**Q** 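First the structure, which I've put down as structure tokens, then a few questions once you've had a look.
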Amino acid sequence: PLASVFTSVSLDSLFLGVSIFGGGQCKFGLSPEEVDAYRFSRYDEPQGGKRAVISVLAPPNHESPFRTLAQTTLLLERDAKYGTRRRKAIDPEKTEFGFARMHQEFDDPRLFFHLGRVWILYRNGPLFGYEDQVHNPIHFERVSPSSEDAARGVKFVAYVKASETVWLSGGRNIALISEEPIVRNGLGEVEWVSSPSLKALTWVDPVTVIESIDLRGVDAKLNNRRLLEEVDDENGSKKERIVPPEYHPTPQHRRLGSKPNKSHVHGTNGYMVPLASTGELLGIAHFHRPENRKESDFALHGHHYTHAFFTIARKPGENTGTINSRSFELKRISNEFVFRTNYLPADVAQQPLDGDIIQFASGLDVVGSDDDGQLIISYGINDCEGAVFTLPMHKVQRILIGVSSGQEVVDLMENVKR
């Protein structure tokens, strides 16, 4: 559907992004007069609740940054019960045109790929609890040029189906893994395959990976498109929609083993990025200090964030022909860093060498090779606004430091000497 919307450009040259519009912390600590001066909304929460917006972006060039070509609010199609909290779960609703669609809370959203489809990873505390990570494949529809939506400038519709909802207990800001290296070819290059099973990095310290997420039959539906929609058969009767049975996930515990100590590092990007040259998976993690999420003079929750790039890979050993025969381990990690702030005080001529109090990196992708290409990083600033920038991959490779087999993040941390 997107290809039919953007006919003048190749989809391979475009980017897909997701943003969340919610209460945020834009007004934190501001007086009513300052709220008006900065032209912030006087609402404490958005009318109708938090909304996730899917955007199609043109890539940056020497003249301009990323440009939004079109965007739309992500919707929930109510074709099955949605939510694990029974008293709050949303019941299915059918209309004369199909199933009803509605806005829903897709909090902390991230995009990832699996089975040739774009998925969204998010949280919905009111309906699924605040310990579960939820994900769905995204569906797209072209808006008819003669429709009311088209008259308002809407070019496409994006939605998820309640019947295709998967949730995972445990972990914090998990990252999904869909591609893995299996062998090196005759040229010594790492060959990658799309794994039939979706995996999840639930903890960075110690490295904890769930090897196979139960997709509740969604994978079978995506591989057999005739089960995705209700269609008329040759006799004009409706085929029955197949809905997976109710699923109760088993909590996945943090892998501590003989090392009870752990750091307070957390993963943030939703999809571990394959590095073709090394056979590793790249992620970005963060710390915030203090670790607790209590309100303070600085913010409502965590603050003073720092980041670190890291890579993981299977432990070395004989290749048995199966990609999940060995567990994952930490391979490389960078020192901590912050993104230089974009804030420019009125009385300052150039940007200060400083960072924002809250910087939450959730988007990570590589364009080009992982040796001389560009790393794209998108992140939230002070729970109020978003930003995206690029970083040369050769610089990322240079700051990643190898660790010994078996070492975890906590083994590498040192107290700051004052």
Side-chain angles (χ1 to χ4, degrees), residues 170-185 187-193 195 197-213 252-287 306-337 361 364 366 369-371 375 393-416:
R172 184 164 171 182
N173 299 318
I174 68 174
L176 283 306
I177 300 171
S178 182
E179 298 175 85
E180 282 203 63
I182 49 172
V183 295
R184 290 186 179 272
N185 59 26
L187 300 176
E189 300 170 327
V190 178
E191 292 188 355
W192 294 76
V193 295
S195 174
S197 63
L198 185 64
K199 303 170 180 62
L201 174 67
T202 54
W203 296 101
V204 179
D205 186 18
V207 172
T208 306
V209 175
I210 298 174
E211 288 286 353
S212 182
I213 299 174
Q252 302 290 336
H253 300 290
R254 195 169 187 174
R255 182 185 62 83
L256 291 177
S258 60
K259 294 183 177 181
N261 295 325
K262 57 181 175 56
S263 66
H264 294 298
V265 63
H266 307 293
T268 44
N269 56 301
Y271 185 71
M272 295 297 290
V273 179
L275 299 182
S277 65
T278 63
E280 299 167 291
L281 296 164
L282 174 68
I284 185 170
H286 73 245
F287 299 85
T306 59
H307 296 85
F309 293 119
F310 69 95
T311 67
I312 63 171
R314 297 283 185 183
K315 291 182 178 179
E318 292 296 326
N319 192 333
T320 62
T322 59
I323 60 178
N324 60 349
S325 58
R326 302 183 302 274
S327 60
F328 285 91
E329 66 176 356
L330 184 69
K331 300 298 289 187
R332 292 187 289 167
I333 190 169
S334 72
N335 286 311
E336 295 174 64
F337 59 87
L364 199 67
V366 175
S369 78
D370 57 57
D371 288 322
L375 182 69
M393 272 305 299
H394 68 85
K395 291 186 177 180
V396 177
Q397 295 280 17
R398 191 168 65 231
I399 65 176
L400 283 166
I401 304 170
V403 305
S404 301
S405 181
Q407 281 190 310
E408 304 286 359
V409 174
V410 69
D411 301 323
L412 307 169
M413 299 185 71
E414 297 180 358
N415 291 325
V416 175

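Scope of the values below: all heavy atoms of this structure, side chains included, with no hydrogens, waters or symmetry mates. As the structure is a prediction and not an experimental result, all values here were calculated from the model. Residue numbers run from 1 in the order of the sequence given.
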**Q** Supply the atom-to-atom distance Leu201 CG to Leu281 CG, rounded to the nearest 0.5 angstrom.
**A**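 Going from the CG atom of Leu201 to the CG atom of Leu281 covers 9.0 Å.
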**Q** Side chains of Val366 and Val396: does their closest heavy-atom pair fall under 4.5 Å?
**A**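 They are not in side-chain contact.
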**Q** With heavy-atom distances below 4.5 Å as the criterion, would you say the side chains of Leu176 and Ile213 are in contact?
**A**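 With C-beta onward as the side chain, the pair touches.
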**Q** Take Leu412 and Leu330 through the test side chain to side chain contact (heavy atoms under 4.5 Å, CB included) and record every step on the way to the result.
**A** CA-CA 11 Å; Leu412 307 169; Leu330 184 69; 4.3 Å; yes
**Q** What is the minimum heavy-atom distance between Val204 and Ala285, and which atoms define it?
**A**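 The answer is CG2-CB, 4.4 Å.
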**Q** What pair of heavy atoms forms the shortest contact from Ala313 to Gly279, and how long is it?
**A**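 Heavy atoms only, the tightest pair is CB-O, 4.0 Å.
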**Q** Under the salt bridge (charged side-chain N to carboxylate O under 4.0 Å, His left out) rule, collect the residues that match up with Glu179, sequence neighbours excluded.
**A**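 Listed in chain order: nothing, the list is empty.
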**Q** Taking atom CG as the centre, does Asn335 end up with more than 12 heavy-atom neighbours from other residues, nucleotides or ligands that are less than 6.0 angstrom away?
**A**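 Check fails, neighbour count at 12 or below.
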**Q** Which heavy-atom pair separates Ile177 from Glu180 by the least distance, and what is that distance?
**A**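 Looking at all heavy atoms of both residues, the shortest contact is CG2-CG, 4.3 Å.
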**Q** Of all heavy-atom pairs between Asp205 and Val410, which one has the smallest distance, and what is that distance?
**A**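 Between these two residues, the closest heavy atoms are OD2-N, 3.1 Å.
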**Q** List the atom of Val409, the atom of Ser263, and the distance in Å for their closest heavy-atom pair.
**A**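 Taking Val409 first and Ser263 second, the nearest heavy atoms are CG1-OG, 3.6 Å.
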**Q** On a heavy-atom basis, which atom in Ser178 and which in Leu198 lie closest, and how many Å separate them?
**A**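 Closest approach of Ser178 to Leu198: CB-CD1, 4.2 Å.
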**Q** Quick check: does any side chain N or O of Ser334 sit under 3.5 Å from a backbone N or O of Phe309, one acting as donor and the other as acceptor?
**A**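 Side chain of Ser334 to backbone of Phe309: a pair is present.
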**Q** Check whether Arg326 reaches the backbone of Arg314 with its side chain - one donor and one acceptor, N or O, closer than 3.5 Å.
**A**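 No, Arg326 side chain to Arg314 backbone: no donor-acceptor pair under 3.5 Å.
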**Q** State whether the side chain of Thr311 and the backbone N or O of Arg332 hold a donor-acceptor pair below 3.5 Å, judged by distance alone.
**A**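 Such a contact is found between Thr311 side chain and Arg332 backbone.
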**Q** Taking the inter-plane angle between the rings of Trp203 and His266 on a 0 to 90° scale, is it parallel (under 30°), tilted (30 to 60°) or perpendicular (over 60°)?
**A**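 It falls in the tilted class, 30° to 60°.
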**Q** Return the CG to CE distance between Leu282 and Met393, rounded to the nearest 0.5 Å.
**A**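 Between Leu282 CG and Met393 CE, I get 6.0 Å after rounding to 0.5 Å.
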**Q** Quick one: pull up NE2 in His264 and CE in Met413 and give me the separation to the nearest 0.5 Å.
**A**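 It comes to 8.5 Å.
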**Q** Would you confirm whether Gln397, through its side chain, and Asp370, through its main-chain N or O, come within 3.5 Å as a donor-acceptor pair?
**A**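 Looks like yes, one N/O pair under 3.5 Å.
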**Q** For the residue pair Phe328 and Met272, establish whether any side-chain heavy-atom pair is separated by less than 4.5 Å.
**A**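 Heavy-atom side-chain distance check fails, nothing below 4.5 Å.
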**Q** Can you find a pair of side-chain heavy atoms, one from His286 and one from Asn173, that are under 4.5 Å apart?
**A**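 Side-chain contact under 4.5 Å: yes.
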**Q** I need the single residue from Ile284, Ile333, Ile401, Val403 that forms a side-chain contact (heavy atoms from CB on, under 4.5 Å) with Phe310. Which is it?
**A**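 Only one option passes, and that is Ile333.
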**Q** Please report the interatomic distance NZ(Lys331) to OG1(Thr278), rounded to the nearest 0.5 Å.
**A**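 Going from NZ on Lys331 over to OG1 on Thr278, the span is 9.5 Å.
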**Q** Quick one: pull up CD in Glu408 and CD in Glu329 and give me the separation to the nearest 0.5 Å.
**A**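 Those atoms lie 8.5 Å apart.
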